[in-house]
Colleague: 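Starting off with a structure, shown below.
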Amino acid sequence: MSQTLKAVRGTRDLLPPETALWNRIEATARAVFARYNFGEIRTPIFEDTLLFARGVGEETDIVSKEMYTWEDRARAASEKPQSLTLRPENTAGVVRAYIEHKLGETGQLQKLYYIGPQFRRERPQKGRYRQFWQIGAEAIGPQSAGSESPLRDAEVLEMLSSLLNELGISGWTLELNSVGSSADRARYNDALRAALEPVASQLCADCQRRAVTNPLRVLDCKVPEDQAIIETLPKIAEYLDEDSKKHFDAVIAALDAAGVPYHLNPRLVRGLDYYTRTTFEFTHGGLGAQNALLGGGRYDGLSEAIGGPKAPGIGFAIGLDRLVLTLQGLETTETIAEKINAYIAPLGETVNPAALKLARELRRAGLSVELGDGSFRLKKSFEAADKVARKIVILGEDEVQSGILTVKDFSTGAQTKVPRAELDRFLQQ
RNA sequence: GCGGCUAUAGUUCAGCGGCAGAACGCCUGACUGUGGCUCAGGAUGUCGUGGGUUCGAUCCCCACUAGCCGCCCCA
């Protein structure tokens, strides 16, 4: 076994029938995005390492220890090798493309979505892979295009609630928060650190470490004994400036008007440096420690951070691997593979050519058809047909001569003679 | 990167220091142009990889690899 090649750690093959579910999800997402006037963008799967260092944040775990980075060969002796990285997320790439193609010069709000693989060198777990798939979207543009409006935030959240509902996911929760401007966040971080100092010794071991290394993470602690103390810590809402407060209130007002349910979660802090103001997460039970289906937020300073013009934006990324797991867990009846229209069973190899001709005609008419083989015994054809098709079409010498086919319906067990001219319609049912 | 659990047939899993097992699935036949239900028969495999202990290891020990669970972090 060790000598045979296997998919590398944290990567996997997606096979039928599971891929049908993936396709359904992707098709639903595309349809929903289209209704909101989002267009698809496809960015390269690897980028200059600097993009992620500047965009995602040098100090984040993603950049500091989870990227697949390598030095590309120099093209000439005089040239320095370039450091390249498999994209760990797609927002930075989208914003880079926005800057590179001067999309801001159009004066229009850019509404872009993507579906594709991302790469992080983390320890694999269920719902966490080293190559994982995200469906995401970004609404970004110059301020004159309304890119900074709280209505954009609310619209994106409303779109996501519609998408999840259309996918048949019930029981999701929208966790909503505002992290303010980067200055607000810095002030809050200091206040939190100060507030933690006298009480840290009463917290769990993890929190004692977090209190020093990453105070915001203390808010995420799930240890019951710690909750009383955590409740007494300062809230980020108290550190928001006037504009951020007004923005957040407007987002909430729009969500209320549209009837999108949400749960205000002052403890929701996101890991990437570029987030400002609105941050959110849609969670679902049954995913274990990885309970977030998707996450996102506003990033008003990202474009400038990577050398572009001011271009406020808001976006999200859905963890497709987790979405699939969630849907599989819901055991909706539709996950059962749909059966094709017909299985053609040629009787004897001499009718094989006639069978291909018939299959070609039926398929051209839009029917999904499986083709057996004349060497199969009829019993074998029936067994195979029953697994994949709703009906079996028996094609023996008799049928070829007369043009009247024998068709059996597996759901009723009824067998009928059907003239070729009526076959298409008969199989459609 | 750290800690714990796991690895046996296509799949889900039992098992034991001495010939490798079950269920489901698969193949053949009973039934030469009729599936499902039934019956009879058959094949499943380097027991994750490498090393050690032993007369003998799938079993015990060590290392490695991979998966799962948790931590860090995150979608």
Side-chain angles (χ1 to χ4, degrees), chain A residues 1-12 15 56-57 59-66 88-91 116-136 160 204-207 209-210 213-214 216-217 220-223 268-272 275 280-284 287-297 315-326 343 345-348 351 372 374 376-399 405-415:
Chain A
M1 274 307 211
S2 73
Q3 281 151 358
T4 62
L5 291 169
K6 298 191 296 184
V8 302
R9 182 177 176 82
T11 70
R12 60 194 178 135
L15 307 170
V56 178
E59 300 305 318
T60 60
D61 273 39
I62 293 177
V63 172
S64 64
K65 57 186 204 195
E66 293 173 1
E89 55 95 59
N90 217 333
T91 298
Q118 321 291 337
F119 305 84
R120 286 183 204 167
R121 201 178 180 292
E122 297 179 288
R123 180 89 169 221
Q125 272 179 40
K126 198 180 195 66
R128 166 189 281 182
Y129 304 96
R130 289 182 168 185
Q131 175 174 337
F132 59 102
W133 290 72
Q134 287 187 331
I135 299 178
L160 282 167
C204 69
D206 279 338
C207 283
R209 179 173 40 73
R210 291 176 185 136
T213 60
N214 193 350
L216 290 175
R217 281 289 142 207
D220 271 350
C221 181
K222 280 143 199 139
V223 178
L268 179 68
V269 288
R270 306 203 52 75
L272 309 188
Y275 284 115
F280 58 87
E281 219 167 67
F282 282 72
T283 59
H284 192 275
L287 279 171
Q290 281 73 50
N291 69 339
L293 276 178
L294 68 93
F316 62 85
I318 303 170
L320 192 43
D321 306 80
R322 291 184 190 176
L323 199 56
V324 167
L325 276 174
T326 303
Y343 181 102
L347 284 180
V351 294
F376 295 168
R377 289 180 48 212
L378 189 54
K379 172 186 163 68
K380 179 173 170 149
S381 291
F382 261 87
E383 286 169 346
D386 194 16
K387 287 191 183 76
V388 300
R390 291 196 287 273
K391 297 187 180 73
I392 184 169
V393 177
I394 297 163
L395 190 67
E397 300 284 0
D398 296 352
E399 284 82 0
L405 298 134
T406 306
V407 182
K408 187 158 184 176
D409 185 323
F410 286 118
S411 59
T412 62
Q415 184 160 313

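Not measured: the values here are computed from a predicted model.
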Colleague: Between atom CZ of A:F382 and atom OH of A:Y343, what is the distance when rounded to the nearest 0.5 Å?
Modeller: 10.5 Å
Colleague: In the structure I gave you, are the side-chain heavy atoms of A:R130 and A:P124 within less than 4.5 Å of one another anywhere?
Modeller: yes
Colleague: State, with a plain yes or no, whether a side-chain heavy atom of A:L347 is found less than 4.5 Å away from one of A:E397.
Modeller: no
Colleague: What interatomic distance, in whole Å, is found between C1' of B:rC19 and the corresponding atom of B:rG25?
Modeller: 26 Å
Colleague: With both distances kept under 3.5 Å, what pairs with B:rA14, Watson-Crick or G-U wobble?
Modeller: none
Colleague: Looking at every strand, decide which applies to A:Q415 at a 4.0 Å heavy-atom threshold: base, sugar-phosphate, or nothing.
Modeller: base
Colleague: For nucleotides 3-7 of chain B, tabulate all protein N/O to nucleotide N/O atom pairs closer than 3.5 Å, reporting atom names and distance.
Modeller:
from	atom 1	to	atom 2	distance (Å)
B:rG3	O6	A:R123	NH2	3.4

Colleague: Is the base of B:rG33 touched by the side chain of A:E399 through a donor-acceptor pair closer than 3.5 angstrom?
Modeller: yes
Colleague: Please lay out, stage by stage, how A:R123 and A:R9 fare under the test side-chain contact (heavy atoms from CB on, under 4.5 Å).
Modeller: CA-CA 9 Å; A:R123 180 89 169 221; A:R9 182 177 176 82; 3.5 Å; yes
Colleague: P atom, B:rC60 versus B:rG18: distance in rounded Å?
Modeller: 11 Å
Colleague: Considering every strand and a 4.0 Å limit on heavy-atom distances, what is the contact class for A:D61: base, sugar-phosphate, or nothing?
Modeller: sugar-phosphate
Colleague: Name the pairing partner of B:rU46, where a pair is Watson-Crick or G-U wobble with both distances under 3.5 Å, or state none.
Modeller: none
Colleague: Quick one: does any side-chain atom of A:R120 pair with a main-chain N or O of A:P88 as donor and acceptor, under 3.5 Å?
Modeller: yes
Colleague: Working to the nearest 0.5 angstrom, can you tell me the gap between A:L160 CG and A:L293 CG?
Modeller: 10.5 Å
Colleague: Whole angstroms only, please: what is the CZ-C1' distance between A:R120 and B:rC73?
Modeller: 9 Å
Colleague: Do A:K379 and B:rG33 share a donor-acceptor pair, side chain to base, under 3.5 Å?
Modeller: no
Colleague: So which nucleotide does B:rC37 pair with, by the Watson-Crick or G-U wobble rule with both distances under 3.5 Å?
Modeller: none
Colleague: Within the 4.0 Å heavy-atom criterion, would you say A:D321 contacts the bases, only the backbone, or no part of the nucleic acid?
Modeller: nothing
Colleague: Go through it in stages, so that I can follow the logic: the residues are A:L325 and A:K126, the test is side-chain contact (heavy atoms from CB on, under 4.5 Å), and I'd like the CA-CA distance, side-chain angles, deciding distance and then a yes or no.
Modeller: CA-CA 9 Å; A:L325 276 174; A:K126 198 180 195 66; 4.0 Å; yes
Colleague: Report the base-pairing partner of B:rC60 (Watson-Crick or G-U wobble, both distances below 3.5 angstrom), or none.
Modeller: B:rG52
Colleague: Are A:R377 and B:rG29 close enough that a side-chain N or O sits under 4.0 Å from OP1 or OP2?
Modeller: yes
Colleague: Locate the shortest heavy-atom distance separating A:G297 from A:F280; write the atom from each residue and the value.
Modeller: N-CE2, 3.5 Å
Colleague: At under 4.0 Å between heavy atoms, what does A:T406 touch on the DNA or RNA strands: base, sugar-phosphate, or nothing?
Modeller: base
Colleague: Please report the distance separating the P of B:rU28 from the corresponding atom of B:rU32, rounded so that it comes out in whole Å.
Modeller: 14 Å
Colleague: Using a heavy-atom cut-off of under 4.0 Å over every strand shown, decide if A:R121 touches base, sugar-phosphate, or nothing.
Modeller: sugar-phosphate
Colleague: Please compare A:T11 and A:Q134 by the position of their nearest nucleotide in RNA chain B and report the one closer to 5'.
Modeller: A:T11
Colleague: Within the 4.0 Å heavy-atom criterion, would you say A:L294 contacts the bases, only the backbone, or no part of the nucleic acid?
Modeller: sugar-phosphate
Colleague: Rounded to the nearest angstrom, tell me the gap between atom CZ in A:F376 and atom P in B:rG29.
Modeller: 13 Å
Colleague: Using OP1 and OP2 only, check whether a side-chain N or O of A:Q125 sits under 4.0 Å from B:rG70.
Modeller: yes
Colleague: Please classify the glycosidic conformation of B:rC5 as syn (within 90° of 0) or anti (everything else).
Modeller: anti
Colleague: Regarding A:Q118, tell me which of base, sugar-phosphate or nothing describes its non-hydrogen contacts under 4.0 Å with the strands shown.
Modeller: nothing
Colleague: Measuring only the P atom in each nucleotide, how far is B:rU6 from B:rA20? A whole number of Å is fine.
Modeller: 25 Å
Colleague: Looking at B:rG1, which nucleotide sits across from it as a Watson-Crick or G-U wobble partner, both distances under 3.5 angstrom, or is there none?
Modeller: B:rC71
Colleague: Is a donor on one side and an acceptor on the other found under 3.5 Å between the side chain of A:D321 and the backbone of A:R128?
Modeller: no
Colleague: Go through the steps for A:I394 and A:E399 under the test side-chain contact (heavy atoms from CB on, under 4.5 Å), then give the verdict.
Modeller: CA-CA 8 Å; A:I394 297 163; A:E399 284 82 0; 4.3 Å; yes
Colleague: Look at all strands and tell whether A:G348 reaches a base, only sugar-phosphate, or nothing, counting heavy atoms closer than 4.0 Å.
Modeller: nothing
Colleague: CZ of A:R128 versus C1' of B:rA66: gap in Å, rounded?
Modeller: 17 Å
Colleague: With rounding to whole Å, what would you report as the distance between B:rG10 and B:rC27 at their P atoms?
Modeller: 15 Å
Colleague: Does a side-chain N or O of A:K387 approach OP1 or OP2 of B:rC26 to a distance below 4.0 Å, or not?
Modeller: yes
Colleague: Nearest whole Å is fine: how far is B:rC26 P from A:E383 CD?
Modeller: 8 Å
Colleague: Write down the distance between CZ (A:F382) and P (B:rU32), rounded to a whole number of angstrom.
Modeller: 14 Å
Colleague: State whether A:E383 and A:K379 are salt-bridged, where the test is any N-O pair (Lys NZ or Arg NE/NH1/NH2 against Asp/Glu carboxylate O) under 4.0 Å.
Modeller: yes
Colleague: With both distances kept under 3.5 Å, what pairs with B:rC19, Watson-Crick or G-U wobble?
Modeller: none
Colleague: Could you state the NZ-C1' distance from A:K380 to B:rG33, rounded to the nearest angstrom?
Modeller: 17 Å
Colleague: Please determine, for B:rU65, whether a Watson-Crick or G-U wobble partner exists with both distances under 3.5 Å, and give it or none.
Modeller: B:rA7
Colleague: Using the P atom as the reference point in each nucleotide, state the distance between B:rU8 and B:rC47 in Å, no decimals.
Modeller: 11 Å
Colleague: May I have the distance from A:F119 (atom CZ) to B:rA75 (atom P), rounded to whole angstrom?
Modeller: 17 Å
Colleague: To the nearest angstrom, how far is A:Y343 atom OH from B:rU34 atom P?
Modeller: 15 Å
Colleague: Using a heavy-atom cut-off of under 4.0 Å over every strand shown, decide if A:G296 touches base, sugar-phosphate, or nothing.
Modeller: nothing
Colleague: Provide the distance between the two C1' atoms, one in B:rA57 and one in B:rG35, to the nearest whole Å.
Modeller: 47 Å
Colleague: Ring-on-base stacking between A:F410 and B:rG36, under 5.5 Å between centres and under 30° between planes: is it there?
Modeller: no
Colleague: Using atom C1' in both nucleotides, what's the gap between B:rA43 and B:rU34 to the nearest angstrom?
Modeller: 27 Å
